[in-house]
Amino acid sequence: MARRRAPAIPDELLDQLLAGGDAAAALNSGDLVNALKKALAERALSAEMDYHLSDEAEAENSRNGYGRKSVSTGTGKIEIAIPRDRAGSFDPQLIAKYQRRFPGFDDKIISMYARGMSTREIAEHLREIYGMDASAELISTITDAVLDEVTSWQQRPLDPVYPLVFFDAIRVKIRDEGVVRNKAIHIALGVMADGTKVVLGMWIEQNEGAKFWLRVMNELKNRGVEDILLAVVDGLKGFPEAITAVFPETIVQTCIVHLLRNSMDFVSYKDRKAVAAALKDIYRAVDARAAEAALADFEAGPWGQKYPAIGQSWRRVWQEVIPFFSFPGEVRRIVYTTNAIEALNSKLRRAIRVRGHFPSDEAAAKLLYLILNRSEKEWVMPPREWAMAKAQFAVIFGDRFVRALAA
């Protein structure tokens with residue numbers, strides 16, 4: 001049997017470090033850190049070979065020297081000796097045959113990418129901090145592994161009933177057929193019966209319309225959604241009709257925050273505070289009749305006369321605004337504030353600003369999926385208003401909400 005190769009660093013020092021001894025001084029040298037990684041890897045690989053040769057099926061097999069492989073780690077590249085056997089049947093688990101990076105290295109790259117760093121920024125970070133040369137192309141290849149996850153995530157089964165779903169969109173610049181185009185990333189954020197949130201899906205589309213929204217609704221239905229109690233949308237044309245075509249019992253509510261934001265688009269900066277105050281009388285009205293009277297008063301008043309487009313924009317979607325006024329205060333706060341999706345959009349916009357534009361739909365989907373995935377892990381508590389809203393939902397929707405509780 002071939003003679004076993006000794007680690008590059010004495011076992012005594014490695015044992016002392018692994019036993020929790022004071023290694024601070026020893027670890028000051030970056031070279032020593034890499035040498036320790038090399039020695040530990042070679043020891044682990046040698047132990048793997050011992051275990052492999054101990055198998056009865058390998059009784060006639062034996063060691064056959066070493067091969068060499070350069071692998072990337074979090075602190076640079078190291079060259080390690082990979083033990084070989086005469087039968088060529090040894091397949092190491094620590095560093096697989098075609099693997100060039102230590103386990104965990106790809107996860108670190110993906111984590112940095114998910115935090116909004118571009119591939120070039122990650123490459124520069126690795127070079128400056130660890131002295132490691134990793135091309136932007138390599139980093140892109142590593143992060144491309146996420147695309148399979150995106151496909152699986154977008155096709156995963158969903159719950160049969162969601163009490164509340166927010167549909168929202170943000171605009172991104174994506175290169176398409178050699179031209180940078182403005183496209184919308186549409187996100188569906190569901191709230192389950194216990195108040196916890198989950199992203200149901202993400203869709204990229206340049207031209208929005210009734211056919212697109214109908215396709216989205218049918219996709220949700222095909223993935224298992226049978227009922228949505230309340231859908232909050234941003235007032236896009238054709239959207240309410242598409243929702244009710246697939247989920248006929250769903251109440252469609254225009255997002256009040258979006259309506260106010262769109263109203264401010266017509267207003268000069270110096271008038272915004274006063275106009276916003278005047279609009280409060282509308283959405284804080286006790287019921288739909290009082291709200292419509294407040295809207296008429298606004299239109300007849302000085303701000304409505306100065307900015308007639310505001311009243312017109314509210315009138316156009318008034319049928320989807322009215323449901324808001326039939327809800328009690330606890331449900332109104334949940335529907336109005338939309339803090340969850342606003343906070344989520346803020347994270348997405350920060351990452352998008354760093355990019356400028358994306359080279360493809362897939363590149364945009366890859367980054368936004370990672371951000372959505374990280375955000376979901378932070379959602380551990382329901383909104384503080386949910387306990388009261390839950391009781392109101394049970395009264396308003398009856399058995400439909402009970403079914404959501406049982407899901």
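All values below come from the heavy atoms of this structure, side chains included, with hydrogens, waters and symmetry mates left out. All of these numbers come straight from a predicted model, not from anything done at the bench.
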Can a salt bridge be assigned to the pair [X] and [Y] using a cut-off of 4.0 Å between side-chain N and carboxylate O?
X: Arg315; Y: Glu292; result: yes
X: Arg223; Y: Glu219; result: yes
X: Arg403; Y: Asp227; result: no

I'd like to check [X] versus [Y] (side-chain heavy atoms, cut-off strictly below 4.5 Å). Are they in contact?
X: Phe393; Y: Lys390; answer: no
X: Lys173; Y: Asn182; answer: yes
X: Phe298; Y: Leu279; answer: yes
X: Asp168; Y: His258; answer: yes
X: Leu230; Y: Ile251; answer: yes
X: Asp85; Y: Ser89; answer: yes
X: Arg289; Y: Phe325; answer: no
X: Leu164; Y: Leu189; answer: no

Identify the heavy atoms of [X] and [Y] that sit nearest to each other, and give their distance.
X: Val331; Y: Gln392; answer: CG2-CB, 3.7 Å
X: Pro163; Y: Phe401; answer: CG-CE1, 3.8 Å
X: Val267; Y: Arg272; answer: O-NE, 3.4 Å
X: Val150; Y: Ala365; answer: CG2-O, 4.2 Å
X: Pro83; Y: Phe90; answer: O-CD2, 3.4 Å
X: Gly195; Y: Trp386; answer: N-NE1, 3.1 Å

Is the backbone N or O of [Y] less than 3.5 Å from a side-chain atom of [X], with the two atoms forming a donor-acceptor pair by type?
X: Asn61; Y: Ala87; value: yes
X: Ser152; Y: Glu149; value: no
X: Trp203; Y: Ala184; value: no
X: Asp399; Y: Val402; value: no
X: Arg63; Y: Ser46; value: yes

Next on the checklist: Test side-chain contact (heavy atoms from CB on, under 4.5 Å) on Met192 and Tyr162; report intermediate values, then the result.
Outcome noted: CA-CA 5 Å; Met192 295 185 286; Tyr162 290 92; 3.9 Å; yes
Just verifying a value: how many Å separate [X] [atom1] and [Y] [atom2], rounded to the nearest 0.5 Å?
X: Glu362; Y: Ile204; atom1: CD; atom2: CD1; result: 7.5 Å
X: Leu229; Y: Ile396; atom1: CG; atom2: CD1; result: 10.0 Å
X: Asp281; Y: Leu295; atom1: CG; atom2: CG; result: 11.0 Å
X: Leu405; Y: Asp194; atom1: CG; atom2: CG; result: 9.0 Å
X: Glu226; Y: Glu249; atom1: CD; atom2: CD; result: 11.5 Å
X: Arg86; Y: Leu53; atom1: CZ; atom2: CG; result: 11.0 Å

Checklist entry - Taking only residues two or more places apart in sequence or in another chain, which ones pass side chain to side chain donor-acceptor pair (under 3.5 Å) with Arg261? => result Glu342
Item to check | Result of checking Thr250, Leu214, Leu220 against Ile243 for side chain to side chain contact (heavy atoms under 4.5 Å, CB included) | outcome: Thr250
Next on the checklist: Go through it in stages, so that I can follow the logic: the residues are Ile256 and Val232, the test is side-chain contact (heavy atoms from CB on, under 4.5 Å), and I'd like the CA-CA distance, side-chain angles, deciding distance and then a yes or no.
Outcome noted: CA-CA 9 Å; Ile256 302 298; Val232 181; over 6 Å; no
Checklist entry - Do Thr254 and Arg316 pass the side chain to side chain donor-acceptor pair (under 3.5 Å) test, and can you show the C-alpha distance, the side-chain angles, and the key distance before you say yes or no? => result CA-CA 11 Å; Thr254 292; Arg316 276 195 296 272; over 6 Å; no
Checklist entry - Centroid-to-centroid, Trp303 to Phe266, below 6.0 Å? => result no
Checklist entry - Does CE in Met264 sit with more than 12 non-hydrogen atoms of other residues, nucleotides or ligands closer than 6.0 Å? => result yes
Checklist entry - Is there a side-chain contact (heavy atoms from CB on, under 4.5 Å) between Phe247 and Met217 once you walk through the steps? => result CA-CA 8 Å; Phe247 303 107; Met217 293 305 115; 4.1 Å; yes
Item to check | Partner of His186 under ring-ring contact (aromatic ring centres under 6.0 Å, His included), chosen from Phe239, Phe167, Trp213 | outcome: Trp213
Checklist entry - Do Arg332 and Phe324 meet the cation-pi criteria used here (NZ or CZ under 6.0 Å from the six-membered ring centre, within 45° of the axis)? => result yes
Next on the checklist: For a side-chain contact (heavy atoms from CB on, under 4.5 Å) check, start with the C-alpha distance between Tyr307 and Ser263, then their side-chain angles and the critical distance, and finish with the verdict.
Outcome noted: CA-CA 9 Å; Tyr307 302 108; Ser263 297; over 6 Å; no
